Asks: 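Right, I'll just put the structure down here and ask away after.
As the structure is a prediction and not an experimental result, all values here were calculated from the model. Counting starts at 1 for both ligands and their atoms, following the listed order.
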Amino acid sequence: MLVTKKKSLTALPWPATRGNETDEERKARKLRAAEAKRRNDAINRELEAERQRIHKQRAGKILLLGQAESGKSTVLKNFQLHLAPKAFELEAEIWRPVIHLNLVRSVNFIVNLAMSRGQLPRQENPKVPRGPRKLSTSMTPELRKLTVRLAPLRQVEEHLIQILSGQEATNDSGVALVQPYNPTKAPDITLSNGTQWRKAMTVHRKHSIDSMSSTASRESTEIIQCRRMLTALSSDIEALWANRSVQEMLKTADIALHEQPGFFLDQVKRVTGENFRPRPDDVLKARVNTLGPEEHTIVAESGSEKEKHYTIYDVGGSRSQRIDIIIFLAPMSGFNQVLAEDTNVNRLTDSLRLWQSICSNRILAGVEFVLFLNKLDILESKLKSGIQFADFVTSYGNKPNETEPVSKYLLDVFIRIHKQYSPKRRKLHSYLTCAVDTKATSDIITKIQDVILMKILARVNLV
Ligand SMILES: Nc1nc2c(ncn2[C@@H]2O[C@H](COP(=O)(O)OP(=O)(O)OP(=O)(O)O)[C@@H](O)[C@H]2O)c(=O)[nH]1
Ligand SMILES: [Mg+2]
């Protein structure tokens, strides 16, 4: 290949022989050379202008970190809503099947739980192992009827998973996407990168607003069928959630379904309505857990930041030097919970360990940290319901079991760790947050924008 290229190069009359050049020919050659130089300079100027424009457009890079379910993707959605509300609004439609899947999974979870609690007497169900009969009385005739009527939702769950992930209910590696039944938690939705759903989202972000709306209105017949099924079963779903023995059963099993991610059972009529269009708060509550690192670009739509590009990484670790800010999320409500992946580890302990290791990381020493102590609302409702913080965090002693002193205490612990483990002095901007409260989060994002600006100015020695 190289030999061929060499041969063809030597065949070219270059450099041009000038020995027997006439005056006209020399003039023409000089003119051509001048013209070539002019074009070359123009191209270089354009390239430089483009480089400067891109540089000016770059508003900052943010890395979101924190344990699973701490609220990273929810904060990302808040950034989208704050900086690019029009694009967010147009994207809302895409979340409808996710919200429906969240709802269906909650229903199927309750049905499974009811069935496992109210097993049929042994002679009617040979599969039930021998042993003490479980609460067969908890399955009232009404509940039994509801579980039968809602049985088609199992198929709806499988269908929605297939549609959203663009694959069969079992993926190539044989890993079941319909997760095994967990008796304490409604299952999460895990959609890998490159799925139909993600692709659709990407298309929405990149296209102009006009073409986005036409994409948004296209819906597959399968999704429509799933929606019709949900609309038809709407009253039964409501009845299931309102059913007294269901509520008692959840209470006895100590399952606070309404505090779990992707909870829509209190909005059934609206969410299953034929014309349901997700509102921003629905999108914020819709739950899909993130797999692998994701890069999101948000183009600010108005204000002094108009046209600026924000790049937000949902998970990170690499290229840390080029990151301006890390937002670390710790869910304060986790003090009485354990990790789904290791039930021996308390969630708060895990958050603190993660925070300590991030703070002490030398590669991240020059990055400014923003700390979100999140899920303030859930912390408040837990404390108000009588759960004693000191029962789980003994060092809290006998201080009041109230939101303010508890969150202040947690904040102090996080600040102390940051101070003690950071390789060198750096600023920490900390906030108590409720990421599903868009107004409050929007105010915080405005403050963070200032922090980013200062950081960028400092980088170019302007402050
Ligand atoms: N009530 C309440 N719910 C929240 C808050 N922040 C996040 N959530 C909910 O918590 C769930 C988990 O949030 P995500 O943003 O998906 O969590 P994540 O950190 O991205 O989780 P992974 O992708 O699994 O690492 C979602 O259903 C959110 O709606 C909060 O401050 N209050
Ligand atoms: Mg996430």
Side-chain angles (χ1 to χ4, degrees), residues 62-81 88 92 95 98-103 105-106 109 179 185-193 195 197-198 201 256-267 271 278-296 312-317 326-335 337 339-342 347 350-351 354-355 358 370-385 403 407 410 430-445:
I62 295 174
L63 174 62
L64 293 166
L65 288 177
Q67 67 183 201
E69 283 183 29
S70 56
K72 297 182 292 296
S73 302
T74 314
V75 166
L76 167 71
K77 289 177 199 165
N78 274 283
F79 268 93
Q80 286 161 343
L81 182 61
F88 184 92
W95 288 91
V98 175
I99 292 166
H100 284 162
L101 184 51
N102 282 157
L103 176 70
R105 288 199 150 181
S106 298
F109 170 78
Q179 292 164 10
K185 191 172 183 296
D188 254 333
I189 309 174
T190 305
L191 301 173
S192 60
N193 269 334
T195 60
W197 177 77
R198 279 267 171 236
M201 278 188 84
L257 212 53
H258 58 282
E259 282 175 8
Q260 290 188 11
F263 178 79
F264 288 97
L265 275 168
D266 57 348
Q267 310 273 326
V271 166
R279 303 187 307 220
D281 56 321
D282 296 325
V283 175
L284 288 171
K285 284 183 184 153
R287 162 73 174 160
V288 181
N289 56 1
T290 315
L291 263 193
E294 283 178 13
E295 182 184 305
H296 298 262
I312 303 192
Y313 299 94
D314 209 348
V315 200
I326 285 181
I327 300 181
F328 184 91
L329 290 107
M332 291 188 285
S333 55
F335 70 89
Q337 287 172 294
L339 293 181
E341 57 271 33
D342 184 351
R347 275 188 169 263
D350 179 66
S351 253
L354 185 56
W355 176 238
I358 304 266
V370 176
L371 171 66
F372 277 13
L373 290 187
N374 196 29
K375 303 206 177 178
L376 183 64
D377 56 328
I378 301 182
L379 173 75
E380 181 158 29
S381 75
K382 279 190 179 174
L383 298 178
K384 278 198 177 139
S385 77
T403 317
S407 51
L410 286 172
S430 49
Y431 301 95
L432 302 179
T433 59
C434 170
V436 289
D437 177 344
T438 53
K439 171 76 187 71
T441 314
S442 172
D443 293 344
I444 293 172
I445 290 177

Asks: Could you tell me whether I378 approaches ligand 1 through its side chain, its backbone, both or neither, with non-hydrogen atoms closer than 4.0 Å?
Replies: side chain
Asks: Please say whether P261 places an N or O atom under 3.5 Å from an N or O atom belonging to ligand 1.
Replies: no
Asks: So, is the end of the K77 side chain (NZ or CZ) under 6.0 Å from the ring centre of W95 and within 45° of the ring's axis?
Replies: yes
Asks: Check if S70 has a non-hydrogen atom at a distance under 4.0 Å from any atom of ligand 1.
Replies: yes
Asks: So if I count the atoms of ligand 1 from 1 in the order they appear, which ones are less than 4.0 Å from some heavy atom of C434?
Replies: 31 (O)
Asks: Between F372 and V75, is there a side-chain heavy-atom distance shorter than 4.5 Å?
Replies: yes
Asks: Would the distance check show the side chain of H258 and the main-chain N or O of L265 forming a donor-acceptor pair, the cut-off being under 3.5 Å?
Replies: no
Asks: Could you tell me if the side chain of Y313 sits less than 4.5 Å from the side chain of L64, heavy atoms only?
Replies: no
Asks: Output all residues satisfying salt bridge (Lys or Arg N to Asp or Glu O under 4.0 Å) with D266, sequence neighbours left out; order by chain, then residue number.
Replies: none
Asks: Using side-chain heavy atoms (C-beta onward) and a distance below 4.5 Å, is M332 in contact with K382?
Replies: no
Asks: Quick check against the 3.5 Å criterion: does D282 have a side-chain atom that pairs as donor or acceptor with the backbone of R279?
Replies: yes
Asks: Could you tell me, atom by atom, which parts of ligand 1 come under 4.0 Å of a heavy atom of D377?
Replies: 1 (N), 2 (C), 30 (C), 31 (O), 32 (N)
Asks: Can you list the protein N, O or S atoms less than 2.8 Å from the Mg ion (ligand 2)?
Replies: S73 OG, T290 OG1
Asks: Taking the side chain as C-beta and beyond, is there a heavy-atom pair between L65 and I327 under 4.5 Å?
Replies: no
Asks: Polar-atom distance check: T433 versus ligand 1, any N or O pair below 3.5 Å?
Replies: no
Asks: Can you check whether L376 has an N/O within less than 3.5 Å of an N/O in ligand 1?
Replies: no
Asks: What atoms of ligand 1 come within less than 4.0 Å of a heavy atom belonging to G262?
Replies: 27 (O)
Asks: My understanding is that we take every heavy atom of each candidate and find the minimum distance to atom 10 (O) of ligand 1. Doing that for E69, K77, K375, R287, which one comes out nearest?
Replies: K375
Asks: Please tell me if the side chains of P331 and S351 come closer than 4.5 Å, counting only heavy atoms from C-beta onward.
Replies: yes
Asks: Taking N374 for the side chain and S70 for the main chain, is one N or O donor matched with an acceptor at less than 3.5 Å?
Replies: yes
Asks: Side chains of L103 and I99: closer than 4.5 Å at any heavy-atom pair?
Replies: no
Asks: Is there a polar contact between ligand 1 and A435, counting only N or O atoms under 3.5 Å apart?
Replies: yes
Asks: Backbone, side chain, both or neither: what part of L284 comes under 4.0 angstrom of ligand 1, heavy atoms only?
Replies: backbone
